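One structure is given below, encoded as structure tokens.
Bear in mind the structure is a predicted one, so any value in this text is a computation, not a measurement.
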Amino acid sequence: MSNFDVVDTTIDAVHKAYAAGQLTPRDLVQAYIDRIEAYDKKGPALNCIITVNPNALEEADRLGASPVTGPLHGIPIVFKDQGDAKGMPTTLGSVLFKDYYPDRDCFVVEQLKKAGAIILAKATLGELGGGDTHGSLFGSSRNPYDVERTVGGSSGGSGGAVSANFATVAVGQEGYASIRRPSTWNCVAGMRPTPGLVSRGGVYDGWPDMTGSLGPMCRTVGDMARLLDSMVGYDPEDPVTARGVGHVPPSYTDFLDAGGLKGARLGILREPMGFMAEPDTDDFRQITEVFDKAVADLQAAGAEVVDPVEIPQLNELLAKRSWNPTNGDEAFKLYYGRSAKRPFESRQEAIASPDFAKVHYNAQNRWKAPLDADKHYQYLLAREKLMGNLLKVMADHRLDAIVHKSVEHQPTLITEGIKPPWVNMRGVPHINTFLIFVSSVVVPGGFTRDDLPAGITFLGRPYDDGRMIKFAYAYEQATNHRRPPATTPAL
């Protein structure tokens, strides 16, 4: 192995090392495997990885270091264990699916492999694809900044793994706050792209649901843009991607402008809107202190801020969120229908399995909760109303984006999530997934008095993802809040 330092390296740095003969894909893959062994399974035992690709070194040898043939040539990626990568199980973090091996890759994994990437490992997640990162198959994942706390969820393993430098970049999936929260709590950049840009074909909980989307989770906004370039594209298996046609720029890296905040008009949304937020607590106040400093930094970087802006009926409308009573069952059948050997024919059959008793409390409740068609109809009305209110506020104030706290509380203690009161998703804003067709990017915003990561979110109009990347990149370059966790130093 060369003396190449993998800690907080970037795609660009890896490719330069390949070109200079200082590093090979095998070297890089082995370095990450060594770190997983030292820090995920031992030491702080972060427990963010479910499966390491048994063929990763072989794939690295096949690619070689030179010439660099694709935008992600030889780049090891951690993928949330909710999407299919042939040769590895897709477990959803659950004993129910521990032996499920899909017949083929999901669309995005196909895209990443075409770009030259190596799927290094599958990451832990909130069991069955939602909530904090606890699961009957693996236990609980630990936050690298405080191992007594959760990594967030549901893409917690992806957030913790990329922050701890177990791979160059990672992929998560979000239907509520599942990319933005773990990105925030693990001090990385992440985004849920506007639905339609990235396919859910071969990803659990996809079509006909509209809410969820895969997205990049990276230590830098630059890597986030590079990874997104190789993820987007039309996929007939996911009809939502037809909406994205015509909205994909030549490259999201074209938006990486360090001066991108100059003259930008940003509305500062201060009204508490996180799930089960507690504004009167010191924990909430610590996040507010970080956010106040971030707003000042935005102004120092040249942004014009409108502080505050208010969205009419914000919390009244958010409270009407409800799930489609038929989409979940249909999505289950379509997802598992891709494989000849599927573990269950329906969600009801999975619930009837004796192993379902081992599933984490929050995941059990989510799958068994009764769904109401009338409440869903009321949600659809509320969604249209809130989208109109948001866009009108942006138009009235001539805003380019809304800025809000990524999460309104610090990371939850693991002990609070694995027993009563079963704390889950505390302080998480979900306005973007409530509205569905908006763009949302999170970036590290600094550390609290308790030395825990906090972040800010740039929320934009439908398919304005490029500009949100531009603002996040400019803020990142002006502040440089990312720092690697002390629990996982260089080996």
Side-chain angles (χ1 to χ4, degrees), residues 10-12 14-15 70-73 75-80 82-83 106-119 123 155 158-159 162 167-174 178-180 182-183 188-201 203 212-235 238 240-241 243-257 260 401 432-433 437-444 455 457-477:
T10 63
I11 293 170
D12 187 53
V14 167
H15 282 167
L72 297 178
H73 182 98
I75 298 299
I77 295 178
V78 164
F79 207 92
K80 183 182 184 183
Q82 192 169 339
C106 70
F107 178 86
V108 168
V109 165
E110 288 179 354
Q111 295 279 92
L112 295 175
K113 287 181 176 178
K114 287 176 185 175
I118 300 165
I119 306 301
S155 305
S158 294
V162 75
T168 311
V169 292
V171 172
Q173 192 270 359
E174 173 167 307
S178 296
I179 289 173
R180 296 173 298 107
S183 293
V188 299
M191 66 182 294
R192 172 191 175 270
T194 305
L197 295 177
V198 179
S199 169
R200 292 89 46 82
V203 179
S213 177
L214 293 173
M217 301 174 71
C218 306
R219 293 182 295 270
T220 69
V221 177
D223 276 358
M224 187 174 72
R226 291 175 176 86
L227 181 55
L228 182 62
D229 274 347
S230 295
M231 294 174 66
V232 296
Y234 173 66
D235 175 15
D238 182 1
V240 177
T241 56
R243 297 181 179 225
V245 173
H247 292 293
V248 179
S251 175
Y252 286 100
T253 61
D254 294 340
F255 293 92
L256 301 178
D257 176 6
N432 69 318
T433 52
F437 286 97
V438 290
S439 48
S440 194
V441 174
V442 305
V443 64
T457 294
F458 294 92
L459 176 71
R461 296 177 175 87
Y463 298 108
D464 212 3
D465 302 77
R467 278 210 298 176
M468 299 309 106
I469 288 172
K470 180 172 75 170
F471 299 150
Y473 180 77
Y475 174 79
E476 173 196 63
Q477 295 301 299

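Under the rule for a salt bridge (Lys or Arg N to Asp or Glu O under 4.0 Å), the partners of Arg467 that lie at least two apart in sequence or sit in another chain are Asp400, Asp464. Every residue two or more places apart in sequence or in another chain was checked for a side chain to side chain donor-acceptor pair (under 3.5 Å) with Thr220, and none qualifies. In this structure Ser439 satisfies the side chain to side chain donor-acceptor pair (under 3.5 Å) test with no other residue, sequence neighbours excluded. Take Phe255 and apply the ring pair (Phe, Tyr, Trp, His ring centres under 6.0 Å) test, not counting sequence neighbours, and it matches no residue. For Arg192, the salt bridge (Lys or Arg N to Asp or Glu O under 4.0 Å) test picks out no residue, with sequence neighbours left out. Scanning for side chain to side chain donor-acceptor pair (under 3.5 Å) contacts around His73 gives Thr69, with sequence neighbours left out. With sequence neighbours excluded, the residues satisfying side chain to side chain donor-acceptor pair (under 3.5 Å) with Ser155 are Lys80. The side chain to side chain contact (heavy atoms under 4.5 Å, CB included) check on Val162 picks up Ala170, Val188, Arg219, with sequence neighbours excluded. Qualifying salt bridge (Lys or Arg N to Asp or Glu O under 4.0 Å) partners for Arg226, counting only residues two or more places apart in sequence or in other chains: none. Qualifying salt bridge (Lys or Arg N to Asp or Glu O under 4.0 Å) partners for Asp12, counting only residues two or more places apart in sequence or in other chains: Lys16.
For the pair Ser440 and Asn432, the tightest heavy-atom approach, listed with the atom from each and the gap, is CB-ND2, 3.6 Å. Taking all atoms of both residues into account, the shortest heavy-atom contact from Ala167 to Pro76 is CB-O, 3.6 Å. What you find for Ala474 and Gly260 is that their closest heavy atoms are CB-N, 3.6 Å. In terms of heavy atoms, Asp238 sits closest to Gly201 at CB-N, 4.1 Å. In terms of heavy atoms, Ser183 sits closest to Val442 at CB-CG2, 3.6 Å. Taking each heavy atom of Pro216 and Met224 in turn, the nearest pair found is CG-CG, 3.5 Å.
You'll find the side chain of Cys218 reaches within 4.5 Å of the side chain of Leu227, heavy atoms only. When side chains are defined from C-beta on, Phe79 counts as touching Val109, because their heavy atoms get closer than 4.5 Å. No side-chain heavy atom of Val169 sits under 4.5 Å from any side-chain heavy atom of Leu72.
A donor-acceptor pair under 3.5 Å is absent between the side-chain atoms of Glu476 and the main chain of Val443, judged by distance alone. With hydrogens and angles ignored, the 3.5 Å screen pairs a side-chain donor or acceptor of Asp223 with a backbone N or O of Ile11.
The side-chain hydrogen bond (donor to acceptor under 3.5 Å, both in side chains) contacts involving residues 108-117 comprise Asp105-Lys113, where partners must be two or more places apart or lie in separate chains. Annotation: side-chain hydrogen bond (donor to acceptor under 3.5 Å, both in side chains) contacts involving residues 245-255, sequence neighbours excluded, comprise Asp229-Ser251, Ser251-Thr253.
For the atom pair OG of Ser213 and CZ of Arg200, the computed distance is 7.0 Å after rounding to the nearest 0.5 Å. Summarising the geometry, atom CE belonging to Met191 is positioned 4.5 Å from atom CD1 belonging to Ile469; distances are rounded to the nearest 0.5 Å. In this structure, the separation between CZ on Phe458 and OH on Tyr473 is 14.0 Å, given to the nearest 0.5 Å. Atom CE of Met468 sits about 14.5 Å away from atom OH of Tyr463, to the nearest 0.5 Å. Atoms CZ and CG, from Phe471 and Asp257 in turn, are 10.0 Å apart once rounded to the nearest 0.5 Å. The line from CG of Asp235 to OG of Ser199 is 3.5 Å long, rounded to the nearest 0.5 Å.
When each of Ile118, Leu112, Val14 is tested with Ile75 by the rule side chain to side chain contact (heavy atoms under 4.5 Å, CB included), just one qualifies, namely Val14.
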